[in-house]
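Below is one structure, written out as structure tokens, with a few remarks after it.
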2 protein chains.
Amino acid sequence: MVQKARPKRTSSSQRREESLSREQIIEASIELLDNSGEGGLTFRTLSERLATGPGAIYWHIANKSDLLTAACDTIIARTMTASLASVTTGATPQAAIRLLALAMFDAIDAHPWVGSALTRSPGQSPMLRIVERIGQQIRALGVPPKKHWVTASALLSYILGVAGRNAANGQLARTQGLNRSDLLEAVSTAWSQLDPEEYPFTRSLAGQLRSHDDRKDFLAGIDLILRGIGSPHRR
Amino acid sequence: MVQKARPKRTSSSQRREESLSREQIIEASIELLDNSGEGGLTFRTLSERLATGPGAIYWHIANKSDLLTAACDTIIARTMTASLASVTTGATPQAAIRLLALAMFDAIDAHPWVGSALTRSPGQSPMLRIVERIGQQIRALGVPPKKHWVTASALLSYILGVAGRNAANGQLARTQGLNRSDLLEAVSTAWSQLDPEEYPFTRSLAGQLRSHDDRKDFLAGIDLILRGIGSPHRR
DNA sequence: ACCTGAACACCGTTCAAGT
DNA sequence: ACCTGAACACCGTTCAAGT
């Protein structure tokens with residue numbers, strides 16, 4: 001159980017001098033989400049943290065879904081600008097895409113809730129930021145304009161898929177009180193004990209699962225897609 | 001608002017003759033999820049549908065997450081056997097993977113909640129079924145054993161990514177009371193009105209977004225990955 | 001062994017009333 | 001204009017009591 005640290009006001013029961021801001025609310029939400037997962041963000045815990053009532057929050061944000069997208073957008077915006085800075089001039093589009101993808105991976109690794117938040121707000125600002133950045137590199141790759149959307153969409157889906165899986169793994173580990181390698185170990189032994197008749201392949205994968213590196217595998221997938229983009233289409 | 005059809009017992013307030021079964025519960029859950037989305041599955045609505053009390057359900061299933069995974073597993077199991085039957089003998093592994101992927105796409109299209117349920121139960125039975133089937137084809141493709149996991153993982157992530165996105169789109173459309181093409185139209189016009197300085201690429205994509213075909217694009221992504229698998233690795 | 005349904009401890013959200 | 005906090009309509013889950 002987590003101790004609830006009641007926020008202490010410096011003085012008495014005065015009214016707050018500076019009014020609550022949307023940014024303040026979002027920042028507090030991110031903190032809550034990072035520290036205690038998706039279940040940790042509640043209008044009650046949040047308002048407690050902000051030393052106000054639940055109703056006050058509704059003056060600044062529409063509802064919980066809005067709050068989640070806003071928090072997600074803040075993280076994505078930061079990630080995009082950071083990854084923009086990391087691309088040196090003269091880098092190939094492939095390299096830029098790899099860096100962008102890695103930045104996304106690391107961001108979601110640090111804030112697992114972003115994974116599911118992204119999926120739950122299609123066509124919203126966070127997604128737009130990512131599409132735009134991916135798209136610019138796809139154009140730079142020389143993909144014919146007619147294929148821009150399909151290509152961007154494929155990369156996006158893959159990234160979101162990994163994001164979602166990572167978020168789920170993280171939450172599973174948290175639920176069971178395990179760290180990443182303990183969880184991997186547990187799943188791996190479970191796989192190695194599967195029925196050889198029914199799950200021959202999955203069984204044989206247990207070893208690779210145990211020792212794999214999520215980040216490396218993620219990048220390998222990106223490379224697979226990049227190679228696919230570069231290869232001639234034969235039917 | 002949906003009319004709640006109170007289930008009518010044939011006679012009086014007798015005790016139910018045949019006891020509730022796990023399968024019955026799961027089947028009713030699937031129906032509820034299909035008809036009214038993820039929010040439609042509630043222990044109260046479910047027990048009403050089954051003409052029993054909320055507590056009764058807990059005798060057969062552990063909790064809501066268990067129920068959701070079980071419902072998801074039922075759909076995936078059916079999808080896997082159906083797709084197995086659709087692969088003609090002598091088909092290439094590529095063709096088999098395409099068929100498998102399409103079967104998954106259609107299943108998730110018909111049951112959007114499966115998209116998020118899949119993501120939320122990592123390492124569980126539904127995922128295992130998919131991994132196994134993908135894996136067997138990857139082996140047939142002649143991918144070197146050391147790369148089995150990375151390759152299967154990439155395909156899986158992509159499929160789950162699309163699944164999640166589709167589920168989200170479906171739910172968004174449902175929330176706003178729009179059909180698919182109206183939603184597409186709305187998002188597309190929103191994109192075409194984006195700031196050209198900030199979102200040049202996304203803006204240019206509006207047209208393609210409006211007329212695109214989710215299923216085709218999904219398959220194009222699969223083909224991209226398949227081509228990547230078949231291409232030599234150059235660094 | 002299985003079911004009943006009230007009760008518990010939560011949620012997100014609203015809204016009259018305050019300043 | 002912004003905040004307060006009680007109240008509403010829900011949840012998932014538990015559990016004594018029944019059959």
Side-chain angles (χ1 to χ4, degrees), chain A residues 1-2 4 6-7 9-26 28-29 32-33 36-72 113 116-117 120-121 171 175, chain B residues 1-2 4 6-7 9 11-26 28-29 32-33 36-71 113 116-117 120-121 171 175:
Chain A
M1 285 291 103
V2 182
K4 291 184 190 170
R6 255 214 158 281
R9 306 294 301 280
T10 37
S11 63
S12 65
S13 56
Q14 289 263 303
R15 207 137 197 282
R16 49 185 329 122
E17 331 69 66
E18 298 126 43
S19 69
L20 207 55
S21 75
R22 197 179 149 88
E23 287 77 48
Q24 250 175 81
I25 296 175
I26 292 170
S29 301
L32 239 24
L33 286 162
S36 27
E38 307 200 39
L41 181 62
T42 282
F43 278 83
R44 271 159 255 257
T45 57
L46 182 57
S47 62
E48 214 170 274
R49 193 81 145 221
L50 293 165
T52 179
I57 297 169
Y58 280 89
W59 185 262
H60 301 274
I61 61 137
N63 50 41
K64 192 168 182 180
S65 152
D66 179 31
L67 179 56
L68 225 59
T69 334
C72 176
W113 51 272
S116 34
R120 236 167 291 152
S121 57
Q171 213 186 2
T175 311
Chain B
M1 283 291 104
V2 184
K4 290 184 189 171
R6 255 216 158 279
R9 306 294 303 281
S11 63
S12 66
S13 57
Q14 289 264 303
R15 204 135 199 284
R16 49 186 328 124
E17 331 69 65
E18 297 127 43
S19 69
L20 208 56
S21 74
R22 196 178 150 89
E23 287 78 49
Q24 252 174 79
I25 296 174
I26 293 170
S29 302
L32 239 26
L33 287 162
S36 27
E38 306 200 41
L41 181 60
T42 281
F43 277 84
R44 270 159 255 256
T45 57
L46 182 59
S47 62
E48 213 170 276
R49 193 83 145 219
L50 292 165
T52 179
I57 297 169
Y58 280 89
W59 185 262
H60 301 274
I61 62 136
N63 49 44
K64 192 168 183 182
S65 151
D66 179 31
L67 179 57
L68 226 59
T69 332
W113 51 272
S116 36
R120 235 168 292 151
S121 58
Q171 213 187 0
T175 311

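Residue numbering restarts at 1 for every chain, and letters A, B, ... go by the order of the sequence lines.
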Please output the side-chain donor-acceptor pairs of residues 55-63 of chain B that fall under 3.5 Å, not counting sequence neighbours, one pair per line with the distance.
residue : atom : partner : partner atom : Å
B:H60   : NE2  : B:L20   : O            : 3.2
B:N63   : OD1  : B:S65   : N            : 3.3
B:N63   : OD1  : B:D66   : N            : 2.9

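Partners of A:A71 under the side-chain contact (heavy atoms from CB on, under 4.5 Å) rule, at least two apart in sequence or in another chain, are A:I26, A:I30, A:L33, A:W113. The side-chain hydrogen bond (donor to acceptor under 3.5 Å, both in side chains) test applied to A:E38 returns A:S116, not counting sequence neighbours.
Rounded to the nearest 0.5 Å, atoms CD (B:Q24) and OG (B:S19) are 8.0 Å apart.
Between the side chain of A:T45 and the main chain of A:L41, no donor-acceptor pair closer than 3.5 Å is present.
Nucleotide C:dA1 holds its P atom 19 Å from the CZ atom of B:R22, rounded to whole Å. In this structure, A:H60 atom NE2 and D:dC2 atom C1' are separated by 7 Å, rounded to whole Å. Regarding A:I57, its CD1 atom lies at a distance of 10 Å from the P atom of D:dT4, rounded to whole Å. Protein atom CD of A:E48 is 13 Å distant from nucleotide atom P of D:dT4, rounded to whole Å.
Applying the 4.0 Å criterion to OP1 and OP2 of D:dC2, one finds that A:W59 has a side-chain N or O inside that range.
Pairs engaging residues 51-63 of chain B under the salt bridge (charged side-chain N to carboxylate O under 4.0 Å, His left out) rule: none recorded [sequence neighbours left out].
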_One character per nucleotide, please: for nucleotides 5-12 of chain C, 5' to 3', B when the base has a protein heavy atom closer than 4.0 Å, S when only the sugar-phosphate does, - otherwise._
B-----BB
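Contact detail for A:T42 and A:G39: the closest heavy-atom pair is OG1-O, 4.0 Å. Residues A:C72 and A:A117 come closest through the heavy atom pair CB-CB, 3.9 Å.
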*Secondary-structure notation, DNA chain D, from Watson-Crick and G-U pairs under 3.5 angstrom (| other strand)*: ||.|||||...|||||.||
